[in-house]
Amino acid sequence: MITKSQIDDDAAAAPPPSRLAIGPGHALYPLLVAVALIGILFGPVGRQVADDMPESKTHPYFPDHYWPYPILAMAALIALGLLALFGQPLLQTTQSADPRATGIPHPDWYFLSLFQLLKLGPALVTSIVIPTAVVLGLIAWPLIDASLGPRIARRLGWRSWPVPGKNVVTGTVWLLGLGTVALLTLWTLLGPGACIPWFFNGPVCGGL
């Protein structure tokens with residue numbers, strides 16, 4: 001029979017548990033190496049812009065600039081998940097395109113605005129010229145904003161061209177573009193009964 005005193009003696013005589021060393025063969029070793037190399041890969045190289053600025057005008061990367069990005073990434077993932085869960089069944093007007101089907105395939109919900117735009121003018125303009133101009137404009141937008149922005153600021157009498165987050169001109173342009181896409185999409189979803197008079201080919205209706 002083992003007594004309590006024998007158990008206490010064995011526990012006292014047992015060597016303390018040793019921690020598992022993380023060496024090159026450990027699964028966490030590459031992660032630790034990557035963390036250790038962050039300072040080398042992304043550390044200051046040469047003279048930085050912050051070196052010429054007063055201390056009161058600079059902000060440390062952590063936590064001032066680190067915390068928003070994971071939160072924004074999670075918010076974007078949650079928003080995409082909610083759109084996929086609730087938005088797509090509501091906007092899915094017909095079945096997905098099937099090459100074996102005899103019917104005419106219809107566009108998915110994210111192409112409804114372009115599908116409605118095709119009804120508003122000549123096919124060459126609405127199907128080729130306008131989409132191509134929009135894509136090229138999005139690609140060249142940073143160059144346009146950097147070169148044309150200061151000229152607009154001088155013409156308006158501003159001290160400088162505001163940054164994108166506080167720019168009234170560019171913000172208005174983006175909101176008008178997104179509003180146009182949303183309006184065309186809603187017009188399509190309203191169905192064939194939503195018709196308005198149009199100078200090209202008579203009244204234009206929604207629906208597919």
S.K.: State the CG-CG distance between Leu77 and Leu72, to the nearest 0.5 angstrom.
M.R.: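 Rounded to the nearest 0.5 Å, the CG-CG separation comes out at 11.0 Å.
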S.K.: To the nearest 0.5 angstrom, please state how far the CD1 atom of Ile152 sits from the CZ atom of Arg154.
M.R.: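 Output value for this atom pair is 10.5 Å.
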S.K.: Closest heavy-atom contact between Gly149 and Trp161?
M.R.: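 For Gly149 and Trp161, the tightest heavy-atom pair comes out as O-CE3, 3.1 Å.
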S.K.: Hey, quick one: are Leu176 and Leu138 part of the same hydrophobic cluster, counting side-chain heavy atoms closer than 4.5 Å, chains of contacts allowed?
M.R.: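 Not linked; separate clusters.
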S.K.: Could you walk me through whether Leu117 and Leu120 pass the side-chain contact (heavy atoms from CB on, under 4.5 Å) test, one step at a time?
M.R.: CA-CA 5 Å; Leu117 179 65; Leu120 300 179; 4.1 Å; yes
S.K.: Evaluate the side-chain contact (heavy atoms from CB on, under 4.5 Å) criterion for residues Leu189 and Trp109: first the C-alpha distance (whole Å), next the side-chain angles of each, then the deciding distance (0.1 Å), finally the verdict.
M.R.: CA-CA 9 Å; Leu189 294 175; Trp109 64 269; over 6 Å; no
S.K.: With side chain to side chain contact (heavy atoms under 4.5 Å, CB included) as the test, pick out the partner of Tyr110 among Leu114, Leu112, Asp108.
M.R.: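 It is Asp108, the one option of Leu114, Leu112, Asp108 that forms the side chain to side chain contact (heavy atoms under 4.5 Å, CB included) with Tyr110.
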S.K.: Ignoring hydrogens, what is the shortest heavy-atom contact between Cys205 and Pro192? Give both atom names and the distance.
M.R.: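 Shortest heavy-atom contact: CB-O, 3.4 Å.
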S.K.: Would one find more than 12 heavy atoms of other residues, nucleotides or ligands at under 6.0 Å from atom CZ of Phe200?
M.R.: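 Counting neighbours around CZ of Phe200, more than 12 heavy atoms of other residues, nucleotides or ligands fall under 6.0 Å, so yes.
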S.K.: Give the C-alpha distance, both sets of side-chain angles, the deciding distance and a yes or no for side-chain contact (heavy atoms from CB on, under 4.5 Å) between Val204 and Gln116.
M.R.: CA-CA 9 Å; Val204 177; Gln116 188 67 21; 3.8 Å; yes
S.K.: Would you say the side-chain atoms of Trp187 pair up with the backbone N or O of Ala194, donor to acceptor, closer than 3.5 Å?
M.R.: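 Present.
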S.K.: At what distance, to the nearest 0.5 angstrom, does CG of Leu183 lie from CG of Leu178?
M.R.: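 Output value for this atom pair is 12.5 Å.
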S.K.: Taking a hydrophobic cluster as the set of Ile, Leu, Val, Met, Phe, Trp and Tyr residues connected by side-chain heavy atoms closer than 4.5 Å, whether directly or through intermediates, do Trp141 and Val169 fall within one such cluster?
M.R.: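 They do not share one cluster, since no chain of ILVMFWY contacts under 4.5 Å joins Trp141 to Val169.
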S.K.: Sort out for me which residue in Thr126, Ile130, Val125 forms a side chain to side chain contact (heavy atoms under 4.5 Å, CB included) with Leu118.
M.R.: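 It is Thr126, the one option of Thr126, Ile130, Val125 that forms the side chain to side chain contact (heavy atoms under 4.5 Å, CB included) with Leu118.
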